[in-house]
Trainee: 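There's a structure below that I have some questions on.
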Amino acid sequence: MIEELEQAMVAALAGAGVELPEGFRVQVESSADLRFGDYQSNAAMVLAKRLRMNPRELAAKLIDVLDLGGMATADIAGPGFINFRIEKETWSRRVGELLGDDRLGVPLASPAQTIVVDFSAPNVAKPMHVGHIRSTIIGDSLSRIARFLGHKVITDNHIGDWGTQFGMIIHGWKTVLNDAALQADPVAELLRVYRAVNAQCDADESIRETCKRELVKLQAGDAENRLIWEKCVDLSKQGLQGIYDRLDVSFDYWYGESFYNDRLAPLVDDMLSSGVARESEGAVCVFFDGDEKLEDKPTVVRKADGGFLYATTDLATIDFRVEEWRAEQIWYVVGMPQQLHFQQIFEATRKRGLNPQMHHIAFGSILGEDRKLMKTRSGDNVQLVDVLDESVERAAKVIEEKNPGMDPGEKKQVAAIVGIGAVKFAELSQHRMTDYVFSWDRMLALQGDTAPYLQYSNVRVRSIFRKLEGGVQLDAATLVVEADAEVHLARMLVRFGETVPSLLDDFRPNLLANYLLDLAKAFHSFFE
RNA sequence: GCGCCCGUAGCUCAGUUGGAUAGAGCUCCGGAUUUCUAAUCCGGCGGUCACAGGUUCGAAUCCUGUCGGGCGUACCA
């Protein structure tokens, strides 16, 4: 719809003999306030300013020669807006076209690109906690959107399967592991072991040293430690997969930190010889001379003791993604606190002569009831599994109240759909940058702007089609939009194709959530 | 100190990138209904967009400053 109106406007400008200034693009957008019509353009005002004309006169001139082919009417309002009212026949036609359109009016992105999306990335041997929700759900959503738009999307779960925590876990595995508990619930037992050793370390420095030695042995390739590590990673992955299954999230690859071990030393050598990095205070660093913001913020890629860091692994990971996967874009769905880190590795990557488009898709923090940051390492964070369980349980209670007669198996199924949906939608409906206070009530609310509201509208739609099955055939020719509620529903349906492409401009799934709520409202009104 | 993010109705949040009289949901008040699943619909109350300047036809949105909150600031991830 927007496209047709824009073309008509361009033609009208030509017809009126208006010369377009360099770089000017006629824009039509959907009206925020329906009293001003369905669509509006401020082109006359913008142009009048540049050409030093009277905006209302210019708008009048345009409308004189504007040919909309009967699809809509146009008038002038306010300081020089051109408002468009779409005819009912046009709505009928457009909705009829959508009926047979698999893409629901969403155009394919051009050009399609290869995009690697890096999200979720939990640490192995420690269960996911609430802090992982945002990355996982926002990342999954953006991946799906990009895929639908026609991009080649590669999702990669960059798990923390290598690092200092393995010193503690291996020591714990050798000393305090309970085999029976491990069999019964591997994830819980690994967490218990980790916590137990963590506490021992705090109390006794010599234990911490022992753990460090275990880590060094692992890194040196010690067979026993290597085996323990492999088992830990394996068990953890199974636990994680269970959660991803419940969330309906999947990854093309799970190339964790350990995957890049062998690439780190050569990478640092290469950066040294090419002059990208240099030694400083015994460490190897990348300095960003001449960069106003990063001038005094070098990043260390090799410690004075020879060890490598997070930044080193990330740089090696970029290499791999560009060389192996031909990534044109790399998206990192990672929390706000790591902004500086990403500025550094993005800049370091450019210094190395690689130029994928890199985006840090940051998000705000989840706070405790005291409005303070939920600590990552405190050990008593709310676990993601518990959030999901609690959510499903609460949904089950509602079902028991509202639909006591439902088949028990179906009850369970619906509870899962509603419970998990509530958690996911709570994330997706909010601007990703805002911090929020974790609250069961907020996350699991079943009334208002929530997942259940959307799901219920879906149920109602499906119910209609179920009852029509075998009876009425829907086709474009019989589709007539007439009453106000019908027009509004048609308007919202057409808007889908205009909304989706804009979601990736600033990586904003919440705009889709907002749209869907508006669509659901339009549908419920229509339904009533 | 410096850098980044945030401040919108009593509460939780939107706001299509500079557009018209700033919108939803929750709460509260009032109404609808012999259902194509009421987990619904319709109406009402509620605002100095933190504050002060600036830019222009036009600012919640852009620029400057102030106040308040959060995060980060080389050998953790």
Trainee: Check for a donor-acceptor pair, side chain of D161(A) on one end and backbone N or O of V124(A) on the other, with a separation under 3.5 Å.
Mentor: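 Side chain of D161(A) to backbone of V124(A): no pair is present.
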
Trainee: Identify whether any heavy atom of S457(A) sits under 4.0 Å from a base atom; if not, whether one sits that close to sugar-phosphate; answer base, sugar-phosphate or nothing.
Mentor: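 If one applies the 4.0 Å heavy-atom cut-off, S457(A) turns out to touch nothing in the nucleic acid.
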
Trainee: With a 3.5 Å limit on both atom pairs, tell me what G3(B) is paired to, counting Watson-Crick and G-U wobble, or say none.
Mentor: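 When the pairing criteria are applied, C71(B) turns out to be the nucleotide that pairs with G3(B).
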
Trainee: Rounded to whole angstrom, note down the P distance from C28(B) over to A14(B).
Mentor: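 Nearest-Å result for C28(B) against A14(B) at atom P: 24 Å.
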
Trainee: Pick the C1' atom in U64(B) and in G30(B), then give their distance to the nearest Å.
Mentor: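 Between the two C1' atoms, the distance is 49 Å.
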
Trainee: So is the aromatic ring of Y453(A) stacked onto the base of A39(B), judging by whether the centres are under 5.5 Å apart and the planes are under 30° apart?
Mentor: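 So Y453(A) does not count as stacking on the base.
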
Trainee: According to the Watson-Crick and G-U wobble definitions, with both distances under 3.5 Å, which nucleotide is paired to G25(B)?
Mentor: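 By the stated definition (distances under 3.5 Å), C11(B) pairs with G25(B).
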
Trainee: Taking the P atom in each of U73(B) and U66(B), what is the distance between them to the nearest angstrom?
Mentor: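 These two P atoms come out 24 Å apart once rounded.
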
Trainee: Could you tell me which nucleotide pairs with C51(B) by Watson-Crick or G-U wobble geometry, both distances under 3.5 Å, or answer none if nothing does?
Mentor: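 In the structure as shown, C51(B) has G65(B) as its Watson-Crick or wobble partner.
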
Trainee: Has Q430(A) got a side-chain N or O lying under 4.0 Å from the OP1 or OP2 atom of C13(B)?
Mentor: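 Q430(A) to C13(B) OP1/OP2: side-chain N or O found under 4.0 Å.
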
Trainee: Heavy atoms from C-beta onward define the side chain here; which of C13(B), C4(B), U16(B) lies closest to that of A32(A)?
Mentor: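 Looking only at heavy atoms from C-beta outward on A32(A), the closest nucleotide is U16(B).
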
Trainee: Contact class for Y515(A) vs. all strands (heavy atom < 4.0 Å): base, sugar-phosphate, or nothing?
Mentor: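 No contact.
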
Trainee: Considering only side-chain heavy atoms of R35(A), which listed nucleotide, G15(B), U21(B), A39(B), is closest?
Mentor: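 Within the option list, the nearest is U21(B).
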
Trainee: Are Y332(A) and F346(A) near enough that their ring centres are under 6.0 Å apart?
Mentor: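 Yes, close enough.
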
Trainee: Which one, U40(B), A74(B), U56(B), comes nearest to the side chain of K49(A)?
Mentor: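 Of all the options, the side chain of K49(A) is nearest to U56(B).
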
Trainee: Under 4.0 Å between any heavy atoms, over every strand shown, what does N42(A) touch: base, sugar-phosphate, or nothing? Just pick one.
Mentor: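 Base contact - N42(A) has a heavy atom under 4.0 Å of at least one base atom.
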
Trainee: At 4.0 Å (heavy atoms only), tell me whether E498(A) reaches a base, stays on the sugar-phosphate, or touches nothing.
Mentor: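 The residue E498(A) makes no contact with any strand.
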
Trainee: How would you label the contact of N83(A) with the nucleic acid (heavy atoms, under 4.0 Å): base, sugar-phosphate, or nothing?
Mentor: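 Base contact.
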
Trainee: Under a 3.5 Å threshold, yes or no: a donor from one side chain and an acceptor from the other, between R56(A) and N54(A)?
Mentor: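 Not at all, the side chains of R56(A) and N54(A) share no donor-acceptor pair under 3.5 Å.
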
Trainee: To the side chain of M336(A), which of C4(B), G19(B), C13(B) is closest?
Mentor: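 Looking only at side-chain atoms, M336(A) lies closest to C4(B).
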
Trainee: Could you check which nucleotide pairs with G19(B) in any of the strands shown, counting Watson-Crick or G-U wobble with both distances under 3.5 Å?
Mentor: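 Its partner is C57(B).
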
Trainee: Nearest to the side chain of V300(A), heavy atoms from C-beta on, is which of A74(B), C4(B), G15(B)?
Mentor: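 So the nucleotide nearest the side chain must be A74(B).
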
Trainee: Please name the nucleotide paired to A39(B) by Watson-Crick or G-U wobble geometry with both distances under 3.5 Å, or report none.
Mentor: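 Across any shown strand, A39(B) pairs with none.
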
Trainee: Considering only atom P, compute the distance from C11(B) to A20(B) and round it to an integer number of Å.
Mentor: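 Rounded to whole Å, the distance is 25 Å.
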
Trainee: In residues 501-509 of chain A, what residues come within less than 4.0 Å of RNA chain B, judged by heavy atoms?
Mentor: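 Correct list: D506(A), R508(A).
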
Trainee: ring-ring contact (aromatic ring centres under 6.0 Å, His included): which pairs involve residues 479-503 of chain A, sequence neighbours left out?
Mentor: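 For residues 479-503 of chain A, and leaving out neighbouring residues, the ring-ring contact (aromatic ring centres under 6.0 Å, His included) pairs sorted by first residue read F496(A)-Y515(A).
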
Trainee: Using the P atom in both, what is the distance from G44(B) to C63(B), to the nearest Å?
Mentor: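 Taking atom P in both G44(B) and C63(B), they lie 37 Å apart.
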
Trainee: Looking only at side-chain atoms of K293(A), point me to the closest of C5(B), G25(B), G3(B).
Mentor: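 Nearest listed nucleotide: G3(B).
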
Trainee: Identify the two heavy atoms, one from A44(A) and one from L58(A), that lie closest to each other, and give their separation to 0.1 Å.
Mentor: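 Between these two residues, the closest heavy atoms are O-CD2, 3.5 Å.
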
Trainee: What nucleotide among A39(B), G72(B), A14(B) has an atom nearest to a side-chain atom of N403(A)?
Mentor: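 Looking only at heavy atoms from C-beta outward on N403(A), the closest nucleotide is A39(B).
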
Trainee: Please give the distance between the P atoms of A60(B) and G23(B) as a whole number of Å.
Mentor: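 One P to the other, the span is 12 Å.
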
Trainee: For atom P, what is the distance between G10(B) and C49(B), given to the nearest Å?
Mentor: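 Approximately 12 Å lies between the P atom of G10(B) and that of C49(B).
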
Trainee: Side chains of E498(A) and Y39(A): is there a donor and an acceptor less than 3.5 Å apart?
Mentor: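 Result is yes, a qualifying pair exists.
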
Trainee: What nucleic acid atoms does A362(A) come within less than 4.0 Å of, heavy atoms only: base, sugar-phosphate, or nothing?
Mentor: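 Nothing, no heavy atom under 4.0 Å.
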
Trainee: Between R321(A) and D156(A), does at least one N-O distance fall below 4.0 Å, as a salt bridge requires?
Mentor: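 Yes.
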
Trainee: Within the structure shown, what part of the strands sits under 4.0 Å from S30(A) by heavy-atom distance: base, sugar-phosphate, or nothing?
Mentor: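 Base, at least one base atom sits under 4.0 Å.
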
Trainee: Is K521(A) salt-bridged to D449(A), going by a charged N under 4.0 Å from an acidic O?
Mentor: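 Salt bridge present between K521(A) and D449(A).
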
Trainee: Report yes or no: is the ring centroid of F81(A) under 5.5 Å from the six-membered base ring centroid of G19(B), with the two planes under 30 degrees?
Mentor: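 No; by the centre-distance and plane-angle rule, F81(A) does not count as stacking on G19(B).
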
Trainee: Indicate syn or anti for U17(B), taking the glycosidic torsion and treating anything within 90° of 0 as syn.
Mentor: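 U17(B): syn glycosidic orientation.
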
Trainee: Would you indicate what Q40(A) reaches in the nucleic acid, counting non-hydrogen atoms under 4.0 angstrom: base, sugar-phosphate, or nothing?
Mentor: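 The residue Q40(A) makes base contact.
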
Trainee: Validate the cation-pi geometry between R134(A) and F363(A): distance from NZ or CZ to the six-membered ring centre under 6.0 Å, angle to the ring axis within 45°.
Mentor: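 No.
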
Trainee: Going through the checks in order, is the side-chain contact (heavy atoms from CB on, under 4.5 Å) test met by H158(A) and T313(A)?
Mentor: CA-CA 10 Å; H158(A) 193 71; T313(A) 312; 4.1 Å; yes

Trainee: Looking at every strand, decide which applies to L517(A) at a 4.0 Å heavy-atom threshold: base, sugar-phosphate, or nothing.
Mentor: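 Contact class for L517(A): none.
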
Trainee: Of the nucleotides A39(B), A20(B), U16(B), which has the atom closest to the F36(A) side chain?
Mentor: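 Per side-chain heavy atoms of F36(A), the pick is A20(B).
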
Trainee: In terms of side-chain heavy atoms of E528(A), which of C4(B), U73(B), C41(B) is nearest?
Mentor: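 Side chain of E528(A) sits closest to C41(B).
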
Trainee: Can you tell me how far C1' in G43(B) sits from the matching atom in A24(B), rounded to whole Å?
Mentor: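 It works out to 16 Å between them.
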
Trainee: So, is K297(A) close to the U73(B) phosphate, meaning a side-chain N or O under 4.0 Å from OP1 or OP2?
Mentor: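 No, outside the criterion.
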
Trainee: Which part of the nucleic acid, if any, lies within reach of Y456(A) when heavy atoms closer than 4.0 Å are counted: base, sugar-phosphate only, or nothing?
Mentor: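 Here Y456(A) touches the backbone only, sparing every base.
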
Trainee: Quick check for you: among G72(B), A14(B), U17(B), whose closest atom lies nearest to any side-chain atom of H431(A)?
Mentor: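 Of the options given, the side chain of H431(A) lies nearest A14(B).
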
